[in-house]
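To start, the structure under review is shown below, and the notes come after it.
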2 protein chains.
Amino acid sequence: MNLKQLSQKLGLSQTTVSRALNGYPEVNEATRLRVERAAAQYHYRPSTRAKGLATGKALAIGHVIPISSKHEMVNPIFGDFIAGAGETYARHGYEMILCTADDGQEEQVYRGLKARRAVDGVVVHGPRLDDSRIRLLHDIGLPFVVHGRSSGATLPYAWLDVNNRHAFQRATDFLLDLGHLRIGLINGMECMDFAHRRRDGYTIAMLARGVPVDPSIMRSSEMTEDFGYQSTRDMLALGDPPTALLCASLISALGARRAVEEAGLVMGRDVSIITHDDDLSYLKNGGDIPIFTATRSSVRAAGARLAEILLGGIADPDLPHQNVLLEAELMVGRSTGPAPRKD
Amino acid sequence: MNLKQLSQKLGLSQTTVSRALNGYPEVNEATRLRVERAAAQYHYRPSTRAKGLATGKALAIGHVIPISSKHEMVNPIFGDFIAGAGETYARHGYEMILCTADDGQEEQVYRGLKARRAVDGVVVHGPRLDDSRIRLLHDIGLPFVVHGRSSGATLPYAWLDVNNRHAFQRATDFLLDLGHLRIGLINGMECMDFAHRRRDGYTIAMLARGVPVDPSIMRSSEMTEDFGYQSTRDMLALGDPPTALLCASLISALGARRAVEEAGLVMGRDVSIITHDDDLSYLKNGGDIPIFTATRSSVRAAGARLAEILLGGIADPDLPHQNVLLEAELMVGRSTGPAPRKD
DNA sequence: TCGCTGTACCAAAGCGCTTTGGATTTTGCT
DNA sequence: AGCAAAATCCAAAGCGCTTTGGTACAGCGA
């Protein structure tokens with residue numbers, strides 16, 4: 001069923017039917033009701049493509065998933081983020097379109113999206129330090145919101161981020177308060193902006209207390225379980241091993257715990273662990289009492305909020321760039337305790 | 001830059017430019033070359049919407065992500081699956097569009113996709129037993145491929161699945177061969193087809209050896225870390241605890257290991273664990289030697305393969321429904337060993 | 001030379017919608 | 001009653017592409 005057929009069935013012009021359905025004022029209420037009922041009855045829905053063509057909008061938002069061809073790594077938070085954003089898009093009549101982009105060809109993908117007029121805006125995932133995508137999207141005139149931030153970017157841009165620096169600063173302080181002095185950092189890849197900021201927070205807190213920052217207990221890589229395990233095992237084998245660990249993700253924290261237990265140590269007693277927790281639906285941090293003490297911030301909520309920002313910016317391009325900084329909660333779980341006394 | 005502008009710049013008609021770009025024969029090779037060069041120079045890309053309107057195709061594939069509003073659970077394999085499929089779509093000039101659908105409104109979402117003519121086909125994720133979506137999509141005439149299968153479906157349909165029954169049968173046999181008799185099952189939700197089949201495989205193997213199937217060591221729920229932990233803890237507290245566990249996912253296996261170790265037992269010695277491993281990029285099963293003995297099958301590869309099948313079916317609707325059954329590998333890791341001798 | 005067959009190109013219609021610029025009828029007011 | 005304004009509705013153009021149904025011209029054999 002298309003507009004023409006529907007309007008013929010109603011004995012009205014396409015104009016009137018279209019206006020009735022789109023809430024324009026110049027149509028009799030009785031007529032509008034009749035139209036709406038008929039539309040529902042025949043399951044009429046305007047074709048997105050035709051509507052898009054006619055209005056000059058794409059009625060779609062693009063998400064470009066960076067996929068490192070080296071590591072073939074897909075960001076595990078992606079599913080939850082999308083779930084949050086998707087609901088918002090649907091409510092506003094937008095489609096969500098996904099593209100994957102290997103390392104080198106990211107620029108191509110964004111340009112293609114723009115040239116094909118496939119989207120009205122995009123979400124930038126996984127920003128790196130001084131991320132080139134910001135300049136690129138600015139230049140080609142494609143509205144965007146960054147999930148995270150990009151230190152070093154000179155242009156103003158819209159973003160939504162968790163206050164990673166503050167979160168890790170608080171977490172480090174929490175451990176310092178418990179008497180820990182050897183605090184290991186198991187970070188994400190520090191070319192990623194969020195990891196860089198977390199490290200900053202960690203360093204700031206350590207230095208503020210005059211505790212030395214020791215590179216030998218700071219690791220940085222993709223946040224896999226195995227990386228958490230290896231890093232922890234290595235660090236525990238040091239002459240002066242850490243009594244506490246700061247992990248960048250629940251997944252690497254699971255690996256860290258494995259190494260701790262494998263070494264015959266008890267988490268929360270011999271080694272304390274704090275992790276960041278993205279509150280992923282498939283990786284809950286325990287039940288009532290969290291397993292891990294964690295800095296928590298829901299990625300899914302972030303997705304929903306970010307989508308609102310993007311759509312708002314598209315609806316009114318003159319609006320100033322929105323910047324939203326979310327604070328993470330510090331949830332105390334069972335993985336932390338006072339630093340073990342040296343005997 | 002659009003077709004009209006490009007054709008004016010070239011002093012050709014839109015027809016000729018369009019045909020040149022789409023590889024039709026009735027255009028001079030020299031002209032075609034000139035057109036292609038100009039298109040590249042001006043970054044011309046046909047508008048997907050316009051092209052779709054003109055051809056009557058949507059040039060897009062839909063993925064509907066079921067999101068249980070009860071559990072707010074997003075399938076963790078989703079990111080990797082999408083990554084596999086996305087590359088295939090891009091290569092064929094298709095967009096991938098995502099919708100989220102809460103429990104009740106799935107039918108609405110599919111109908112909407114069809115009515116808006118937003119997609120040429122869809123991928124059905126997470127099929128349940130006798131899944132109603134198969135009938136629905138058949139009825140509304142939307143091409144689809146199921147990732148998994150649906151026991152009880154009477155209509156023929158295209159699917160790509162892992163041989164879950166065989167995989168779990170082999171895994172169970174493997175444990176039985178090691179002398180285990182009390183083998184616990186930590187399954188996914190058994191309304192899901194894959195979980196049902198895995199249970200079947202387990203049961204078949206047990207019965208074939210005359211080993212009793214004991215419901216008290218069989219659990220079924222969403223595959224979270226916590227579920228793996230709780231289930232294992234409970235089972236280990238039984239009078240006659242299992243000496244081996246079969247897990248449905250690496251995530252719940254991590255939870256199972258936690259419970260095993262917390263009980264002061266050693267995985268691979270006191271309790272053997274076999275898990276299914278979807279080979280997710282962010283959750284590798286260890287390094288060189290797998291942590292867990294596992295039935296492995298790459299979800300990402302499945303995504304790529306399934307996308308090919310769907311596009312093939314769309315290109316030639318008369319083709320019979322393709323059915324692909326992938327065998328999982330049984331990878332031996334460090335989590336399994338002979339059944340402990342009773343003293 | 002004429003007709004005929006390709007080859008290479010083009011004008012215009014059409015995909016399903018929105019929107020512009022009227023046209024017609026009603027209403028409100030004097 | 002008479003007339004402007006408001007209320008409703010409509011025909012047709014246009015969004016950017018593909019495709020149908022041509023035309024024009026060169027080349028060829030008779």
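Letters A, B, ... are given to chains in the order of the sequence lines, protein chains preceding strands, and every chain is numbered from 1.
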Mind calculating the distance between [atom1] ([X]) and [atom2] ([N]) to the nearest angstrom?
X	N	atom1	atom2	result
L33(B)	dA8(C)	CG	C1'	16 Å
N28(B)	dC9(C)	CG	P	5 Å
L21(A)	dT19(C)	CG	C1'	15 Å
D120(A)	dC15(D)	CG	P	18 Å
M1(A)	dC15(C)	CE	P	16 Å
N22(A)	dT19(C)	CG	P	8 Å
Q14(A)	dT20(C)	CD	C1'	15 Å
R49(A)	dG14(C)	CZ	C1'	17 Å

Notebook entry, point to check: Out of dC10(C), dC17(C), dC9(D), which nucleotide sits closest to the side chain of V27(A)?
Noted result: dC9(D)
Next item on the list: Select one nucleotide: of dT19(C), dG16(C), dT18(D), the one nearest the side-chain heavy atoms of K51(B).
Entry: dT18(D)
Item checked: Mutual orientation of the aromatic rings belonging to H125(B) and H147(B) [parallel < 30°, tilted 30-60°, perpendicular > 60°] -> perpendicular
Check: Going by heavy atoms in the side chains, are K57(B) and Y94(B) under 4.5 Å from each other?
Finding: yes
Notebook entry, point to check: Is any side-chain heavy atom of L33(A) closer than 4.5 Å to a side-chain heavy atom of E36(A)?
Noted result: yes
Below 4.0 Å: OP1/OP2 of [N] and any side-chain N or O of [X]:
X	N	value
S13(B)	dC10(C)	yes
T16(B)	dC10(C)	yes
Y24(A)	dT20(C)	no
S18(A)	dT18(C)	yes
T31(A)	dC9(D)	yes
K4(A)	dG16(C)	no

Note to self: Quiz question: going by heavy-atom distance under 3.5 Å, is there a donor-acceptor pair between the base of dA11(D) and the side chain of T15(A)?
What the structure shows: yes
Check: When you check the gap from the basic side-chain N to the acidic O, do E95(B) and R49(A) get nearer than 4.0 Å?
Finding: no
Check: Under 3.5 Å, is there a donor-acceptor pair linking the side chains of S150(B) and D193(B)?
Finding: no
Notebook entry, point to check: Is R117(B) touching bases, backbone alone, or none of the nucleic acid, heavy atoms closer than 4.0 Å?
Noted result: sugar-phosphate
Check: E26(A) or E29(B): which one's nearest nucleotide on DNA chain C is closer to the 5' end?
Finding: E29(B)
Notebook entry, point to check: Which sits closer to the 5' end of DNA chain D, R19(B) or S47(B), going by the nucleotide each is nearest to?
Noted result: S47(B)
